[in-house]
Every structure is written in structure tokens, then in C-alpha cells.
Amino acid sequence: MMKKRQKRRLACVLAGGVVLLYSTAAFAAEEQEQEFSFDEYVVTASRMPMKKTETGASITVVTREEIERSGAVSVPDALKNTTISIQNDRTASVPTINGDVRVLVLVDGREVNWKGGGMHMGQSGADMGNLPPVDNIERIEIVRGPASALYGSDAVGGVINIITRKSDGPVTRYSAEAGNWGLRRYRLTTEDSNGDVSFRLNVERERQDDYQFHSGFSGKKDARAANTALDQDKVNFRLDKELGNGRLLTLTVDHMDGQKGFNVMPDYDVYVASGGNTNYFANIVKTYTENNVSLTYRWNQGEKANSFIRVYRNYLSYDYNNHMNMFYPDYYFNSQSYTNQADGAEWQQTWQLSGSHTLLGGASWRQVTADSKEYDIPFMGVTGYNYKGKKISNRAFFVENNWRLPQNWSLTAGVRYDDYTLFGDKTTARVTANRELNETTNVYASWGQIFKTPFIADVYGSGFMVPNLKLKPETGDVITLGVNTRLSQGTELQASVFSSRLDDALDFVEVGQNKYQWRNVNELKRKGLDLSLKHRLSPQWQATAGYSYIKIEEDGETKREEINNNEPHGYRLGLQYEQDKWAADFALRGATGRNRQAFTASNYWVTDLGVIYKPNPTTRIYLKVFNLTDEAYELHGAYGNSSGFTGLYPMPGRQVVLGIDQRI
């Protein structure tokens with residue numbers, strides 16, 4: 001009876017939201033300033049270029065101009081004014097969409113999520129810190145909601161697509177940054193084009209010592225997060241060859257290597273208070289190498305046309321050093337090295353069957369290979385899981401129809417078939433209906449199925465996690481309703497509500513002393529809404545605002561995701577200024593309603609500030625201040641650790657970065 005009442009309440013909320021949003025959209029003005037983005041085309045939501053007003057999805061686009069105006073120094077920094085939440089620790093930077101870390105991350109449409117082992121990436125397998133530098137980015141497209149029917153596993157909460165830049169002329173520039181905690185970052189970019197050939201090369205070096213934080217657990221000020229230093233280099237190369245008649249051949253090569261401290265739970269006071277029962281890795285250093293190569297041939301490009309063939313290899317290897325001598329307390333971690341390699345091939349074709357009917361189809365093959373090397377911890381009864389050449393292969397086929405109907409209606413219906421060597425086959429479908437009310441407003445509804453496959457390490461064991469060869473994919477579906485509109489006086493509004501269900505959700509349970517195992521034990525229900533507002537105050541000033549509500553209900557053996565909901569009510573407020581030689585960006589992020597079992601405070605409020613000065617057309621001098629008010633907060637909840645202590649994952653305190661960017 002209670003479940004029926006809850007369903008009726010949810011249906012009323014969804015219906016009421018649609019009525020309200022539809023009414024708001026119906027009164028929107030039709031003549032607006034051209035600087036807003038509703039006439040632009042997006043590709044991620046449908047795998048082919050479509051106008052935003054024809055796309056039945058909640059989409060946020062971060063443009064190149066917005067990235068430059070904000071002075072962003074990383075992808076997470078570029079996303080700070082969106083309603084995307086980023087869970088950070090020194091090992092990974094994990095995105096959350098619609099309250100879910102099961103997010104697919106793409107670079108130019110190529111999947112970069114890791115399926116071998118989700119070491120401190122939760123159920124995501126994606127690390128935003130491994131993405132190309134912001135200098136290489138043309139735009140970032142964020143699609144909220146289900147996309148498994150188009151992209152397969154991982155696209156549960158949504159999709160983030162990083163679209164890189166193609167060179168259009170000779171430019172060479174360098175930048176240098178310095179900040180507290182010994183931050184040094186240097187970057188050199190050179191690009192050129194000659195006839196039908198163009199290239200872009202980016203080289204970056206970053207160094208930083210251990211960061212400092214304010215402890216939400218003990219209240220200690222300026223605590224040092226021991227063993228969190230970073231030493232990293234990146235090289236990114238893109239080569240394009242125009243072949244005529246709209247055909248393009250693109251080679252991309254991405255390399256990253258470095259080492260970083262592995263103290264992912266760096267609050268020493270929590271460790272002491274627990275009597276040594278929490279994890280505190282004071283000595284372990286992680287060294288890593290990542291090499292990604294892709295070759296893409298494109299043809300038939302244009303509106304509702306995107307055909308290509310791509311082959312690629314993603315490679316990641318990391319080793320853990322300084323713990324073989326078992327210095328206390330590092331004996332809690334027994335990993336030595338991991339290697340993940342993903343080989344893939346994709347084909348996609350679009351056919352314009354008529355003026356109102358477009359067919360999209362394609363196929364893909366992907367094989368992930370993982371190696372693991374660990375040692376035993378005999379006195380704790382922990383077995384080291386050593387395996388080589390463990391594989392997950394997948395073949396997939398998909399097709400999607402897009403119809404343009406009378407009275408500005410559009411309808412899409414698609415299905416995808418995936419066949420995994422470890423998990424069997426899976427068919428997912430989706431349907432979207434969209435209506436353009438006028439040139440500036442569209443309303444939409446969508447239903448889509450979702451699924452997420454386990455990692456190789458979840459199946460074959462890792463550290464304290466014992467193998468489970470019976471794991472199944474997580475499966476479910478999502479309903480989304482929304483509106484995109486431009487209101488009067490230069491205001492852009494996006495609003496959506498959603499309800500999702502995920503069966504056979506994975507979580508780890510205790511199966512013995514110092515032994516845990518991943519199992520399909522839970523059912524997850526999420527519902528929420530997302531509001532984003534952009535308003536042009538004047539030619540110089542622009543304001544952005546966002547609000548998100550996420551409620552998670554979890555049935556099963558654990559409540560980790562429900563209790564670890566880091567933004568039940570999420571808030572964003574931004575203010576941007578640009579005139580002549582000056583630009584500034586102010587961003588406020590916050591959340592309320594968090595569970596005190598997982599976080600040291602039920603709310604947090606963090607502000608970032610950026611100022612840019614351009615003394616001449618070839619030079620930028622910028623100042624960035626992160627966590628301006630030096631707040632104590634966490635984005636990653638601690639519930640579920642054996643200790644039960646909160647505050648294990650403190651975020652860095654105030655950091656000031658001063659930089660210069662010079663075109664040669």
C-alpha cells in the first residue's frame with residue numbers, strides 16, 4: 001500500500017512538473033538575443049548532429065568561450081557552474097549525474113571508462129583527471145539520463161563527451177602556473193595547418209606537494225594530507241587530413257605518466273581516533289602510465305549525418321611502491337600492480353531515408369584485458385589475487401530511427417544488442433518524444449533502459465575483495481520529462497524531472513574476517529529534478545544558477561548509495577564578467593540534507609574565484625582561488641568502511657593559483 005502511495009505521489013510530482021514547465025514555456029518570448037545557444041547543434045544525445053530544440057534530452061554544453069572566460073585549469077574546474085558533482089580524492093576525480101556515478105565519459109565519442117578495475121573510482125571507472133588539458137577542448141556536452149540504447153554499459157546516470165579542437169591556423173602558446181602547496185604547472189601548445197593537413201600538439205608538466213585541508217572530523221586547521229603529492233606529465237597530439245567531399249581522417253595520441261601519493265583517506269586524526277582501524281596509507285606511492293591511440297575515418301558529415309569507422313587502443317598501467325616492507329599502517333593494502341588494456345573498433349552510418357526520417361545504425365567490438373599482481377597478508381588472512389590476461393569482450397549492434405512529424409513533433413525509437421563473454425547478452429531500448437513549441441522552446445519525454453556490467457576486478461577478486469564469478473549486470477530503466485526554453489530579457493532555462501530504477505545493484509558485503517565480496521544485492525530507486533538558469537544581466541555581466549534534487553531509496557543488504565548521497569539538494573550560483581581587458585568568474589557550490597553517517601556536516605558551501613587580465617591580444621594573466629573561504633568539507637562519504645568513521649576523505653583547503661598564458 002505504501003509503495004502504491006509513493007508511486008502515485010511520484011506520478012503527481014512528475015505530471016505537475018510537466019504542466020508547470022509547459023506553461024512556463026508557452027509564454028516564452030520568441031525574439032531573443034542571438035548569443036544564446038539554442039540554435040546550436042549537439043551530437044552526444046543522438047550520436048548525430050541535431051538542434052537542441054529537436055533533441056529529447058536534458059543537455060548542458062560548456063563552450064570553448066565559456067572555458068576561456070572562466071580561466072578553468074582542468075575539466076572538473078570547467079564544470080563547476082553545471083549541476084554535475086565531482087567526487088575527488090588524490091587517486092581519481094569521479095563525475096556524478098542524477099545522483100549516480102555510473103557515468104559514461106567519452107573523448108570525441110570514444111569511451112575512456114576503465115572496465116578492468118575500479119580502483120577508487122566507485123562504480124564509474126572514469127577519472128576526469130585523465131582527460132585532455134582544457135587547451136585542447138572545443139566543447140563539453142553533458143547529457144543527463146539513460147543512454148545505454150546508444151552507448152551500452154555505463155551510460156546510466158548520463159554521458160559526458162569531451163570534444164577536442166581541430167587546428168585552423170598557426171599558433172604557438174605557452175602557459176605557466178604557480179600556487180601554494182608547491183604547485184607548478186607548465187604547458188606548451190603548438191598547432192598549424194597546411195592545405196588539407198592540420199595538427200595540434202600539447203605538452204604539460206604538473207608538480208604539487210602534499211595539500212592541506214581543514215578537518216571536519218577534528219576541527220584541526222591547515223592539516224597536512226600526508227602522501228598526496230603529485231608529479232605528472234601529459235602529451236596530447238591530434239593530426240587531421242581532409243580527404244575531400246566531407247571526408248576526414250583523424251589520428252589522436254594521448255600519453256600520461258607520473259606518480260602520486262596513494263593516501264586516499266588522509267585525515268590522520270580519524271585514523272588515530274579509530275584505534276588504527278581505518279585505512280591510512282602514509283607511505284604507498286602509485287606510479288602510472290596511460291597511452292591512448294585512435295584512428296577515425298569520417299564521411300557524410302552534417303545535420304543528422306554522422307558516419308565513421310574508428311579503431312582504438314586504451315592502455316593503463318599502475319604500480320604501487322613503498323609498502324612491501326609492511327610499514328604500519330600500510331599493511332591494509334596489498335596491491336602491487338594492475339594493467340588494463342581496451343582494444344576496440346566502431347562503425348556508424350546514417351541514412352536519410354526521407355525528408356522526415358533518418359536511420360542511424362552501427363556496430364562495435366571492444367575487448368578489455370586486465371592483469372593483477374598482489375601479495376598475501378598472511379597474518380590478516382588476506383589472499384593476493386594474481387591473474388594475467390583476464391578478458392571481457394563485447395560485440396554490439398544498434399539502430400535508431402528519428403522521425404520528424406507534423407506540428408513540430410519529433411520521435412526517436414532505438415534498440416541495442418550487447419553480447420558479453422562473461423555476462424551474456426543484453427538488449428536495451430529507448431523512446432523519446434519531443435515537441436518544438438516555437439523557435440526557442442521544446443518539451444520532451446523519454447523512457448530508456450539501462451545496464452552496467454561489473455569490473456574484471458569485481459569478478460576475479462582484488463585486495464580484500466574475494467572473487468565472485470556469478471555477478472550479473474545491473475539493469476533498470478529511466479523516465480525523464482523536461483523543457484528547454486528562452487524566456488524574455490535574455491534568460492535561458494532548462495528543467496527536467498526523472499525517475500529511475502536499478503535492479504541487481506552491486507555492493508560489497510562482509511563474507512568473513514577481512515573478507516568482502518561484490519554481489520548483486522540491492523534495488524536502487526532514484527527520483528529528482530534539475531534546474532539550470534542563465535541570464536544576461538548586461539553586455540558585460542552574466543549570471544548562472546542551478547538547483548538539483550536527488551532522492552535515493554535503496555532496498556537490500558546495504559544502504560551505502562542512499563546514505564552516501566552527497567548532494568540531496570545541490571545548489572550552483574555563478575557570476576561572470578567580461579569587458580575590454582578584464583574578465584572574472586565567481587562560482588558558489590553547495591549542498592544540504594546530507595546524511596551525518598557519511599559526512600561530517602549535513603551541508604557544505606564552497607566558493608571559487610577567477611580573474612583574468614589581458615594586457616594585449618596575445619597575453620593572459622590569471623588568478624584562480626579555489627575554496628576561497630577555506631571550508632572543511634567532503635564530497636566522498638565514508639559510510640561503508642569497516643570503521644564507520646566519517647571524515648576520511650577531506651577536500652583540499654584554499655588554494656591560490658597564479659598563471660600567465662602567452663601566444664608566441
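Along the sequence shown, residues are numbered consecutively beginning with 1.
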So, using side-chain hydrogen bond (donor to acceptor under 3.5 Å, both in side chains) as the criterion, who are the partners of Ser85 when residues are at least two apart?
Asn566

With side-chain contact (heavy atoms from CB on, under 4.5 Å) as the criterion, how do Phe262 and Lys260 come out once you've worked through the C-alpha distance, each side chain's angles and the decisive distance to 0.1 Å?
CA-CA 6 Å; Phe262 193 71; Lys260 59 179 71 172; over 6 Å; no

Look only at the side chain of Asn564 and the backbone of Arg560, and say whether a donor-acceptor pair between them is shorter than 3.5 Å.
yes

Before accepting this row, confirm whether a basic side-chain N of the pair Glu554/Lys559 lies closer than 4.0 Å to the acidic partner's carboxylate O.
no

Ion pair Asp507/Arg519, N-O distance below 4.0 Å
no

Testing Ile137, Ile140, Val43 for side chain to side chain contact (heavy atoms under 4.5 Å, CB included) with Ile163, which one passes?
Val43

Applying side-chain hydrogen bond (donor to acceptor under 3.5 Å, both in side chains), can you list everything that pairs with Arg200, at least two apart in sequence or on another chain?
Asn136, Glu191

Pairing residues for Lys304 by the salt bridge (charged side-chain N to carboxylate O under 4.0 Å, His left out) criterion, not counting sequence neighbours
Glu54

Can you spot which of Ile479, Val478, Val431, Thr480 makes a side chain to side chain contact (heavy atoms under 4.5 Å, CB included) with Ser446?
Thr480

Check the surroundings of atom CZ in Arg205: do more than 12 heavy atoms from other residues, nucleotides or ligands lie under 6.0 Å from it?
no

Which residues satisfy the side-chain hydrogen bond (donor to acceptor under 3.5 Å, both in side chains) test with Glu290, sequence neighbours excluded?
Asn130, Asn292

Would you check if the side chain of Gln449 reaches a backbone N or O of Ala429 as a donor-acceptor pair within less than 3.5 Å?
yes

Please check if the side chain of Asn263 supplies one atom and the backbone of Thr228 the other of a donor-acceptor pair under 3.5 Å.
no

Keeping the roles fixed (side chain from Ser167, backbone from Ser198), state whether a donor-acceptor pair exists under 3.5 Å.
no

side-chain hydrogen bond (donor to acceptor under 3.5 Å, both in side chains) between Asp371 and Thr339, intermediate numbers included
CA-CA 5 Å; Asp371 302 336; Thr339 298; 4.5 Å; no

For Asp419, enumerate each residue passing the salt bridge (charged side-chain N to carboxylate O under 4.0 Å, His left out) test, keeping only those at least two apart in sequence or located in another chain.
Arg395

So does Ser307 get a backbone contact from the side chain of Gln301, meaning a donor-acceptor N/O pair under 3.5 Å?
yes

In this structure, are over 12 heavy atoms from other groups packed under 6.0 Å from Lys241 atom NZ?
yes

I'd like to know if the side chain of Asn520 reaches the main chain of Lys472, judged simply by a donor and an acceptor atom lying under 3.5 Å from each other, with no hydrogens or angles considered.
yes

Between Asp319 and Lys286, is there a side-chain N and carboxylate O pair less than 4.0 Å apart?
no

So does Asp343 pair up with Arg313, basic N to acidic O under 4.0 Å?
yes

Using a 3.5 Å distance criterion without hydrogens, assess whether the side chain of Lys391 forms a donor-acceptor pair with backbone atoms of Ala370.
no

Hey, is Glu474 close enough to Lys452 for a salt bridge, meaning N to O under 4.0 Å?
no

I need the Glu141 CD to Thr63 OG1 distance, nearest 0.5 Å.
11.5 Å

Going by side-chain contact (heavy atoms from CB on, under 4.5 Å), name the residues that satisfy it together with Ser148, two or more places apart in sequence or in a different chain.
Thr428, Ile450, Phe451

Salt bridge flag under 4.0 Å for residues Arg526 and Asp100
yes

Spell out, as yes or no, whether a donor-acceptor pair under 3.5 Å connects the side chain of Asn401 to the backbone of His357.
no

Less than 4.0 Å between a side-chain N and a carboxylate O, is that true for Arg102 and Glu561?
yes

Taking Glu346 first and then Arg310, would you say they form a salt bridge - that is, a charged N and a carboxylate O separated by under 4.0 Å?
yes

Decide side-chain contact (heavy atoms from CB on, under 4.5 Å) for Val382 and Lys515; before the verdict, give the C-alpha distance in whole Å, the side-chain angles of both, and the deciding distance to 0.1 Å.
CA-CA 7 Å; Val382 176; Lys515 289 182 171 62; over 6 Å; no

Go through the steps for Phe464 and Tyr516 under the test ring pair (Phe, Tyr, Trp, His ring centres under 6.0 Å), then give the verdict.
CA-CA 6 Å; Phe464 289 73; Tyr516 300 85; 7.1 Å; no

